[in-house]
Amino acid sequence: MSEQNNSVLLVSMRGINKTFPGVQALANVDFDLRHGEIHALMGGNGAGKSTLIKVLTGVERPDSGTILLAGKEVSVRSPKHAQSLGISTVYQEINLCPNLTVAENILIGREPMKFGRIDWGGLNAQAREILLRVLGIDIDVTRTLGSYSVAIQQMVAIARALEIESAKILILDEPTSSLSTHETEQLFTVMRKLKTEGVGIIFITHFVDQVYEISDRITVIRNGALVGTYETQALPRMELIVKMIGRSITELDEMSKTKAEARKHISGESVLQAREFGQTGEVEPLDLDLHAGEVLGLAGLVGSGRTETAGLLFGLEAPDSGTLTMAGKKVDKFSPYASITRGLVLSPEDRKAAGIVDDLTVRENIVLALQVGQGWFNHLSTQKQSEIAERYVELLDIATPSLDQPVKNLSGGNQQKVILARWLATNPQVLILDEPTRGIDVGTKAEIQKLVLTLAEEGKACVFISSELEEVMRCSHRIAVLYERRKVAEFTGDVDEHVLMRSMAGGG
Amino acid sequence: MKQPGSSLSWRKVTESKLFFPIVALALILLFDLISNPGFFAIQSREGNLYGSLIDIFRNASTVMLLAIGMTLVIATGGVDLSVGAIMAIAASVAALMMNPYVMAKELPPNLMKLINDPQFTFQPLWVVLAVTLVVATICGLWNGLLVAYVKIQPMVATLILMIAGRGIAQLITNGVRIQIFYGPYAFIGQGWLVLPFSLYLVAVVYLVAWILTRKTAIGMFIESVGINSRSSFFSGIDEKKIKLLAYAFCGICAGIAGLVASSNIKTSDANNIGLTLELDAILAVVIGGTLLGAGGRFSLLASLVGAVVIQAVTTSMYALGVPAFALQAIKGVVVILVILLYSEQARSLIRGIAAQRET
């Protein structure tokens with residue numbers, strides 16, 4: 001690395017805009033990466049981190065904005081082009097071949113040849129030398145990649161990126177999410193070594209502790225907009241969390257009025273009671289009460305166990321401790337089917353993978369769970385299905401050309417509404433909504449928030465999960481806070497935002 | 001030209017799963033008509049109809065029966081390779097029940113005469129049919145159990161019975177090819193009631209399958225499981241039971257096909273009954289537009305047309321004097337054409353043409 005190069009930024013992204021149908025994924029975002037820097041990119045789910053990375057690696061083209069690499073303006077055409085520009089990404093799921101040896105994985109396509117055949121001895125020696133020199137690790141390179149831990153696999157991917165693709169910019173996308181503490185340390189050692197060699201590393205993670213341990217600077221993105229870039233040392237933890245979660249006073253007044261109205265309807269009658277309810281490795285035993293006409297917010301950082309708690313209540317898996325009581329009866333059967341027939345439903349976090357059935361029509365998607373509750377043979381006629389679907393399309397204002405449209409043709413927000421309609425059609429007593437507003441536009445977001453409050457007013461009990469704290473505070477009558485898969489606090493009524501955040505950050 | 005919502009828009013027609021199979025069938029029949037103007041001639045003898053066209057349908061009946069069951073299995077995202085073997089098992093079971101004496105080492109001469117009598121059967125026909133179908137259902141349940149509950153990949157799970165099935169069929173008859181003389185049984189595959197009797201069987205099985213899938217929620221659940229099993233799980237659909245049902249039904253269909261095939265050749269030939277027919281059945285379903293591997297949306301009728309298309313190709317080639325050994329190669333060409341027709345490029349081309357027609 002020559003001196004004059006150091007003064008120029010490795011990456012400089014300026015005014016990046018990217019719109020997807022119905023969503024502004026990135027709005028005028030700036031991002032810099034210096035030589036020899038570990039730069040953490042933070043933000044909630046759907047904040048725009050991955051879109052920004054996709055723009056940088058050529059997966060997506062920005063609508064506007066410029067990218068400068070070492071001071072020169074470039075237009076990244078494809079991931080392959082990005083690689084040739086020295087930008088390499090190591091994903092959470094490693095895209096190497098686990099059934100080939102470590103050496104083969106590193107040098108695939110660049111095998112040393114001898115007499116027209118692969119020189120295996122040379123290949124192994126060279127691979128070993130690369131690992132030792134670049135990463136400072138010494139392992140048996142003739143073993144298959146799959147026989148090593150995920151951490152080692154990631155390091156092999158890094159070695160390949162640096163040596164073969166001669167990367168100057170390394171993007172690590174959630175590299176530590178499946179690593180043990182020891183493995184994380186191993187990876188960090190390597191990252192520090194690379195840093196001293198001038199490689200710029202973009203580090204994406206949800207773990208706040210790790211950000212403070214390893215990063216030099218932090219950039220926070222929220223709702224597709226840049227919140228700011230900060231020196232890690234100068235940014236207190238609390239402030240980082242405030243910035244990630246965000247808050248706005250707008251709309252708050254209006255919503256809290258509705259909420260106060262709704263509070264009158266809380267009957268105090270308990271519809272759901274969990275006692276010491278948990279599952280090893282997923283959710284620590286917790287107590288939870290839910291009353292008719294109430295919205296219970298579940299707050300917590302990503303990975304705090306919100307989704308796992310929701311899944312456990314819904315019976316995706318059977319708990320191994322504690323009891324769940326619904327409407328006075330102890331629950332002994334745990335399955336989605338049993339929950340649906342009991343009147344407890346879950347709108348899942350991952351809309352695409354666990355929510356919509358994309359080739360089925362809007363009509364079929366709406367009546368699906370209702371039909372499940374009715375059984376195989378008590379078939380709803382097409383006529384009846386259309387009536388039901390029509391009612392919810394109107395009620396939720398679902399924008400679709402017709403009921404017989406495959407649901408995949410709808411926008412994300414409308415797909416979300418279809419899933420809500422599916423659950424409302426079963427006339428449930430308890431609705432668990434896991435990130436019901438993620439990745440959808442602001443207008444639909446507000447509609448869904450209002451819907452939740454209206455449902456509570458009608459006497460239903462809701463569990464509302466969201467990464468956006470302001471949304472949780474706005475919609476919930478009571479908030480339970482989860483931290484590292486434990487319930488750490490519960491707040492009733494209006495709660496101070498800072499108290500809530502401290503609790504989310506594990507500070508009691 | 002046409003208002004939206006008009007029942008006969010070009011877009012709707014071309015996107016129907018029936019569109020390609022019917023076009024393909026029409027092309028093959030047109031080709032037959034040109035090469036042999038007498039191809040469509042149908043004669044009536046004693047009130048029954050005969051002719052090349054009738055032959056195509058009659059010969060397609062076993063594959064049609066298989067294709068009905070296979071459609072449901074493929075729609076769940078699976079495949080059943082064992083249907084040919086189940087046919088052989090069914091044939092052996094049926095033959096053994098009609099004529100268990102062939103297993104004896106020596107037969108008294110009067111019994112020998114008896115079993116050659118077309119009036120003779122050991123068990124009455126309804127018992128023969130019922131037991132055979134129960135055995136076929138068990139075969140299907142076995143497949144379903146392996147796929148849904150043991151969670152073995154469908155191709156591997158059904159490969160087990162595909163390989164073992166013919167051995168089981170041989171074991172049932174102790175390796176003997178049992179000749180079938182019983183007259184009423186022969187009627188299943190060879191009988192004629194104006195049209196070949198086997199076609200009525202196809203119609204009944206189709207109707208049962210249609211009612212089962214379209215007049216209950218099962219069809220939607222099968223499609224939902226095939227399209228997105230996780231979303232289906234979250235919606236409370238019991239994926240395992242749905243898959244078990246699909247494989248069991250596929251087994252029954254294969255059992256009926258086995259009855260037809262053995263009745264046709266008047267023997268329980270465990271080595272040859274239904275041989276490679278699983279591939280024809282899969283091809284029929286694929287021609288019918290159900291996605292192999294992915295599953296999802298299905299059309300039973302389109303699969304039936306698919307089965308007829310395959311048979312029409314075979315019959316036409318025979319009519320042209322193409323030798324039997326060359327036929328497999330020609331089927332290969334059909335497969336390639338199907339793959340091309342269903343490709344995204346061909347679809348967008350057809351969509352483009354359809355859009356032009358509408359303006």
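Chain letters run A, B, ... following the sequence lines, proteins first and then strands; every chain starts at 1. Just so it is clear, the values below take in all heavy atoms, side chains as well, and ignore hydrogens, waters and symmetry mates.
- Chain B is approached within less than 4.5 Å, heavy atom to heavy atom, by no residue from residues 385-398 of chain A.
- If you check the side chains of B/Ser82 and B/Thr158, you find no donor sitting under 3.5 Å from an acceptor.
- The candidate with the highest count of non-hydrogen atom pairs below 4.5 Å against chain B, out of A/Asp358, A/Leu316, A/Leu346, is A/Leu316.
- Most heavy-atom pairs under 4.5 Å with chain A: of the set B/Arg297, B/Glu223, B/Lys241, this distinction falls to B/Arg297.
- Side-chain contact of B/Asn143 with B/Lys243: a donor-acceptor pair under 3.5 Å is absent, judged by distance alone.
- By the 6.0 Å and 45° rule, B/Arg214 stacks over the aromatic ring of B/Phe298.
- Contact annotation for A/Ile356: only backbone heavy atoms (N, CA, C, O) come within less than 4.5 Å of a heavy atom of chain B.
- No hydrogens or angles considered: nothing links the side chains of B/Glu239 and B/Ser232 as a donor-acceptor pair under 3.5 Å.
- For the atom pair CD of B/Glu278 and CG of B/Asp280, the computed distance is 8.5 Å after rounding to the nearest 0.5 Å.
- Judged by distance alone, the side chains of A/Thr144 and A/Asn99 never bring a donor and an acceptor atom under 3.5 Å apart.
- Residue contact with chain A, scored on non-hydrogen atoms closer than 4.5 Å, involves the side chain of B/Phe221 exclusively.
- A/Thr309 and A/Arg306 share no donor-acceptor pair across their side chains, judged by distance under 3.5 Å alone.
- In summary, the side chains of A/Ser466 and A/Glu471 do present a donor paired with an acceptor at a separation below 3.5 Å, with no hydrogens or angles considered.
- Ranking A/Ser339, A/Ala354, A/Gly355 against chain B, the residue ahead of the rest is A/Ala354, based on heavy-atom pairs under 4.5 Å.
- Looking only at side-chain heavy atoms (C-beta outward), A/Phe314 and A/Ile340 come within less than 4.5 Å of each other.
- Among the candidates A/Ser347, A/Ala353, A/Ala369, the residue making the largest number of heavy-atom pairs closer than 4.5 Å to chain B is A/Ala353.
- When heavy atoms are compared at a cutoff of 4.5 Å, B/Leu245 approaches chain A solely by way of its side chain, counted from C-beta outward.
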